[in-house]
Amino acid sequence: MEVRDSVHQFIRFDDLERRVIDTPEVQRLRSIRQLSLSHLVYPGATHTRFEHALGTMELAGRALEIALRESDQGYLQELGLDQPRQLQALRIVRLGALLHDVGHPPFSHGPEALFPELDGKPFDHERMTGMIIEERLSKIFGADALGNADPSAVADVAMGTKYREITNPVVRLLSDLVTGTLGVDRMDYLLRDSLHTGVRYGQFDLDRLLSTLRIARGPEGPVWALEEGGTFIAEQMLMARWFMFLQVYCHRTRRILDYHLRCFLAEWLPGGKFSIALEDYLRLTDDEVLAAMRTSESPHAAAISSRKFLRWTREFGRSDFATPSEFRTFASGLVSDFPGTHADDFTVTFRKEGDAELWISGPDGLRSLDSTSELAATLKPRWIGRLYTPASQRDGLNAVLTTKFGGGQ
C-alpha cells in the first residue's frame, strides 16, 4: 500500500502499519498543525503532524535498510542483527517513527508548557506518547504476524534516551535513528516545514545523507556514523536547522501568537492545564480550540482572530544583557509604565542540548564532527530577548529603549 506525499513522493506501508495508521490516536494527528499558528505568518504552513508522522516512518525504514546493506556485515552479526532480527529492527523503527509525535497537544509545541507535572516530574508530549503507545496501541502490535513488534521497544524508539533508560544497544541505536542528532524526525520536519512555509532555509541533500549513514563500532557500543564524504552534508543539515529556528520556528510574530495561544488555553482548560487522562486528552485537537476561541470573550482569543496581538518592539542580544535573568528583570520594570508588555527570550543552538555525539568514519576510525568540522566547532549558542507591547504603546516604549540603548529597530 502507498500514498502520495509532498516531500517523499510515495510513502509505503504494510497491513500492520495500516492498522496503526487507522487508529483514532494516529488519525487525530490530521487535526493538529505541525507549526502551531505559523500559518498566520506563512499562509502555506497548514500541514499537520499526520503527514510528518508518515514521512518520518518512511525515512526511518529507508535509512535503516541502506545502513543494514552497506555497514560492516561482521559487526552486524556481532550485534545479533541476522536476517530475522533485521526485519524485527525495521518493524520497530518504522512503528516508533510513525508514533513519535502521537502525544502532541493541540497546535503542537506552542502550548506544551501547559502540561501538568506527574509524579513530581515535568510532563510533555513525549511522555504522553509513551502512555498512548503502551496503554492504547500495544494490543495492535500483538497482532503482527511476524510476532516482533514489542510495544516497549516501540515506545523506546519513539521517546528516545532522554525519557527512557534503553539498555538494549540495538534498540538504543534505532532510537537515535529517529530522535538523534541526524535523526529522521529532523530530516523530515526540516524539508517538510521548508516546503510548506515557502522558504529554502531547511533544504539539504537528503539522498546523499542517507547514502553515507552507517552503523559503526563506537566507544561504548554501536553508533551512527557518516562516511567521510558525508561531513559536508551533516554540516548542511545542521545549518538548515539553525536557520529554520532563527527564521521560521522563532519568527517574532509566531512567538507572540504562541504566547496568546497559551494564555487563552490557560483560561479555557479546566485548571489551566491539559488533562493527562487519555480519554479527555485525545478528544482535544486544533478544531476544538478554534471553536472555543470563536465564542470566547478572552482578549487573547481576539488577539489571534483579529490580529490585534502584542507588537514586537525591540530585540536584544548578549551585547545588551549579560544574562537572560538580567533581561527579564529589566522587562518586569517596564510593566508599570507600559502595561501588558511581554518579555520573550530563547536560545538557538547549532545542535540541540543532549544530542548524542555525531561521528564521522574515516581511514583512521571514528572522529567526532566537532573535531573534523570548523563550522561545527565555531558556531556558538545564540541568545535572543524580545519585547512586545500593545500597539498603542509601541512608539512610547521604543523611545524609552532608544534613550537607554541607542539606535532603534
- Query: Are the charged groups of Arg94 and Glu17 less than 4.0 angstrom apart, N to O?
  - Reply: yes
- Task: Verify whether the ring centers belonging to His52 and His100 lie closer than 6.0 Å.
- Result: yes
- Pairs involving residues 192-205, ordered by first then second residue, that meet salt bridge (Lys or Arg N to Asp or Glu O under 4.0 Å) (sequence neighbours left out): Asp5-Arg192, Glu51-Arg192, Asp188-Arg192
- Item | Residues Glu58, Arg62: salt bridge by 4.0 Å N-O rule | yes
- How long is the gap from CZ on Arg394 to OG1 on Thr389, to the nearest 0.5 Å? 10.0 Å
- Message: Let's go through Arg283 and Asp280 carefully: what are the C-alpha distance in whole Å and the side-chain angles of both, what is the deciding distance for salt bridge (Lys or Arg N to Asp or Glu O under 4.0 Å) to 0.1 Å, and is it a yes or a no?
- Response: CA-CA 6 Å; Arg283 279 195 288 265; Asp280 296 331; 2.5 Å; yes
- Message: Less than 3.5 Å apart, any donor N or O on the side chain of Glu227 or Ser361 sitting next to an acceptor on the other?
- Response: no
- ring-ring contact (aromatic ring centres under 6.0 Å, His included) partners for Tyr281, two or more places apart: Phe115
- Quick one: does Leu282's side chain get under 4.5 Å of Ile132's, heavy atoms only? yes
- Item | Contact list for residues 19-44, test ring-ring contact (aromatic ring centres under 6.0 Å, His included), sequence neighbours left out | Tyr42-His251
- SB check Asp14 Arg91 (cutoff 4.0 Å): yes
- Task: Answer yes if the ring centres of Phe327 and Trp383 are under 6.0 angstrom apart, and no otherwise.
- Result: yes
- Query: Hey, mind stepping through Glu78 and Arg217 against salt bridge (Lys or Arg N to Asp or Glu O under 4.0 Å) and telling me if it holds?
  - Reply: CA-CA 10 Å; Glu78 285 184 39; Arg217 191 190 304 271; 3.0 Å; yes
- Task: Could I get the full list of ring-ring contact (aromatic ring centres under 6.0 Å, His included) partners for His47, not counting sequence neighbours?
- Result: His196
- Query: If we ignore angles and hydrogens, is there a donor and acceptor under 3.5 Å between the side chains of Glu235 and Ser373?
  - Reply: yes
- Is the closest basic N to carboxylate O distance between Glu279 and Arg136 below 4.0 Å? yes
- Message: Between Glu112 and Arg262, does any NZ, NE, NH1 or NH2 come within less than 4.0 Å of an OD or OE carboxylate oxygen?
- Response: no
- Message: Under a 4.0 Å threshold between the charged nitrogen and the carboxylate oxygen, would Arg19 count as salt-bridged to Asp15?
- Response: yes
- Message: For Glu228, is there an ion pair with Arg367 - N to carboxylate O distance below 4.0 angstrom?
- Response: yes
- Is the charged tip of Arg18 near the ring of Phe13: under 6.0 Å from the six-membered ring centre and within 45° of its axis? no
- Is there a donor-acceptor contact under 3.5 Å linking the side chains of Ser38 and Arg254? yes
- Item | salt_bridge(Arg386, Asp345) N-O dist < 4.0 Å | no
- Note on the structure: Across all chains, not counting sequence neighbours, the salt bridge (charged side-chain N to carboxylate O under 4.0 Å, His left out) partners of Asp82 are none
- Task: Could you verify whether a donor N or O on one side chain and an acceptor N or O on the other, from Asp258 and Ser36, lie under 3.5 Å apart?
- Result: yes
- Any chance the side chains of Glu134 and Ser138 put a donor and an acceptor closer than 3.5 Å? no
- Message: Do Ser371 and Ser368 pair up side chain to side chain, a donor and an acceptor below 3.5 Å, judged on atom types alone?
- Response: yes
- Message: I need the Phe405 CZ to Asp320 CG distance, nearest 0.5 Å.
- Response: 6.0 Å
- State which residues pass ring-ring contact (aromatic ring centres under 6.0 Å, His included) with Phe309; sequence neighbours excluded, sorted by chain then number. none
